[in-house]
Enquirer: 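Below: one structure in structure tokens.
As the structure lists them, so they are numbered: ligands from 1, and atoms in each ligand from 1. Heavy-atom basis, side chains included; hydrogens, waters and symmetry copies ignored. Sequential numbering from 1 along the given sequence is applied to the chain's residues.
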Amino acid sequence: MSTKLEGKVAFITGASRGIGAAVARALSGEGVKLGLASRSGADLGLPESLGLVCDVRDRGQVEKAVAATALRFGCLDICIANAGVGSYHPLAEAPPEHIEEMIDVNLKGTIYTYRAAIPHLIASGAGDLVTIASEAGRRGLPGEAVYCASKFGQVGLTRALDHELREKNVRCTNVCPGGVATDFALAEGHGRTPDALPGMMSAEDVAEVVLFVLTRPRNQRILETAFRPMKESSWG
Ligand code: NJP
């Protein structure tokens, strides 16, 4: 059965697990061919997929991974900047190496990814660029200053790119979830234990939103989606 996305080619960063892997599986189910980038380079065993060892902090590695995807599948229609890390501390107590990693992976990694992908997305004639940002990219959250800065940066980048790319038929979307039950949610510095996971959203919930965004008719685009688990208030 052919789907709206059948035959399209997507590049996803941070695809080895969590949200990136769920998005990869969802797109694969729709017949999308995949370049799957992460430091481990896992291809998830999906058909028509290429596992790519790529640390998004390294611009050269990102450029090679994007080029390898376009070369293998002949084009690139969709780019999803998902790779991300988070460590929550009051700013004065934040370890400098955590600060650098969050800015380098979340913000600079996204910039490098889109810089490499945009010429291909324009050439596709109907491109999509989707940033897995966060609620932390829409509001300041206590104890998350650097993470928020990196996510606000991603959101600003994507909004600016919408102006650059709309007339070239490339749609630019920020996907901004609240808490999602992945390894990330239990990362060092988040101050959570596994009993916090039930009630959070699943990586598959986020993948469904990404699919919704990508399957809108081409005469419209979704600029931003914000969604949170019922147990999270919308104050913080
Ligand atoms: O995280 P996790 P999520 N270069 O830890 C990869 C945002 N978000 O799926 O390199 C390349 O399960 C890593 O692969 P590997 C969040 O900010 C989350 O929850 O092999 N890849 C893995 O595939 C992030 O932007 C929540 O270790 C790198 C992936 O990234 C996105 O969602 C809430 C890398 C991380 O998988 C995905 O997070 C929210 C690097 N340098 C936003 N470093 C939430 N979970 O609650 C890591 O609002 N990766």
Enquirer: For Arg138 and Ser134, indicate whether the former's side chain and the latter's backbone hold a donor-acceptor pair under 3.5 Å.
Expert: no
Enquirer: I'd like to know if Asp104 pairs up with Lys108 as an ion pair, taking the criterion as any Lys NZ or Arg NE/NH1/NH2 lying under 4.0 Å from an Asp or Glu carboxylate oxygen.
Expert: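 A salt bridge links Asp104 with Lys108.
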Enquirer: Which atoms of ligand 1 have any heavy atom of Ala83 under 4.0 Å away?
Expert: 21 (N), 25 (O), 28 (C), 30 (O)
Enquirer: Would you mind listing which atoms of ligand 1 come within a distance below 4.0 Å of any non-hydrogen atom of Gly179?
Expert: 46 (O)
Enquirer: Please work out, at 4.0 Å between heavy atoms, whether the side chain, the backbone, both, or neither of Ala21 comes within that distance of ligand 1.
Expert: neither
Enquirer: Based purely on interatomic distance, does Val85 place a nitrogen or oxygen under 3.5 Å from a nitrogen or oxygen of ligand 1?
Expert: no
Enquirer: Do Ser124 and Ile122 have side chains that get closer than 4.5 Å, going by heavy atoms?
Expert: no
Enquirer: Thr131 pairs by side-chain hydrogen bond (donor to acceptor under 3.5 Å, both in side chains) with which of Asn106, Thr173, Thr158, Asn82?
Expert: Thr158
Enquirer: Under 3.5 Å between some N or O of ligand 1 and some N or O of Val180?
Expert: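 Between Val180 and ligand 1 (N or O atoms, distance only) the closest approach is under 3.5 Å.
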Enquirer: Ligand 1 versus Ala203, non-hydrogen atoms closer than 4.0 Å: side chain, backbone, both, neither?
Expert: neither
Enquirer: Under 4.0 Å from any heavy atom of Gly18, which atoms of ligand 1 are there?
Expert: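 Contacts of ligand 1 toward Gly18, numbered from 1: 9 (O), 12 (O).
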Enquirer: Do Arg166 and Arg171 come within less than 4.5 Å of each other through their side chains, counting heavy atoms only?
Expert: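 A side-chain contact is absent here, since even the closest heavy-atom pair is not under 4.5 Å.
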Enquirer: Do Glu224 and Arg159 meet the salt-bridge criterion of a basic N to acidic O distance under 4.0 Å?
Expert: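 A salt bridge links Arg159 with Glu224.
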Enquirer: Name the orientation class of the two ring planes belonging to Tyr88 and Phe184 (parallel below 30°, tilted from 30 to 60°, perpendicular beyond 60°).
Expert: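 Tyr88 and Phe184: perpendicular rings.
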Enquirer: Less than 3.5 Å between some nitrogen or oxygen of Val56 and one of ligand 1, yes or no?
Expert: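 Yes: some nitrogen or oxygen of Val56 is under 3.5 Å from one in ligand 1.
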Enquirer: With salt bridge (Lys or Arg N to Asp or Glu O under 4.0 Å) as the criterion, how do Arg218 and Asp128 come out once you've worked through the C-alpha distance, each side chain's angles and the decisive distance to 0.1 Å?
Expert: CA-CA 10 Å; Arg218 290 296 314 184; Asp128 277 283; 2.8 Å; yes
Enquirer: Between ligand 1 and Ala37, is the shortest N or O to N or O distance under 3.5 Å?
Expert: no
Enquirer: Taking 4.0 angstrom as the limit and counting only heavy atoms of Val105, give me the atoms of ligand 1 inside it, by number and element.
Expert: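 Under 4.0 Å from Val105, ligand 1 has these atoms: 41 (N).
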Enquirer: List ligand 1 atoms under 4.0 Å from Ala15, heavy atoms only on the residue side.
Expert: 23 (O)
Enquirer: How does Asp55 reach ligand 1, by side chain, by backbone, by both or by neither, if only non-hydrogen atoms under 4.0 Å count?
Expert: both
Enquirer: Salt bridge check: are Glu135 and Arg228 linked by an N-O gap of less than 4.0 Å?
Expert: yes
Enquirer: Hey, which atoms in ligand 1 end up nearer than 4.0 Å to a heavy atom of Cys54?
Expert: 4 (N), 11 (C)
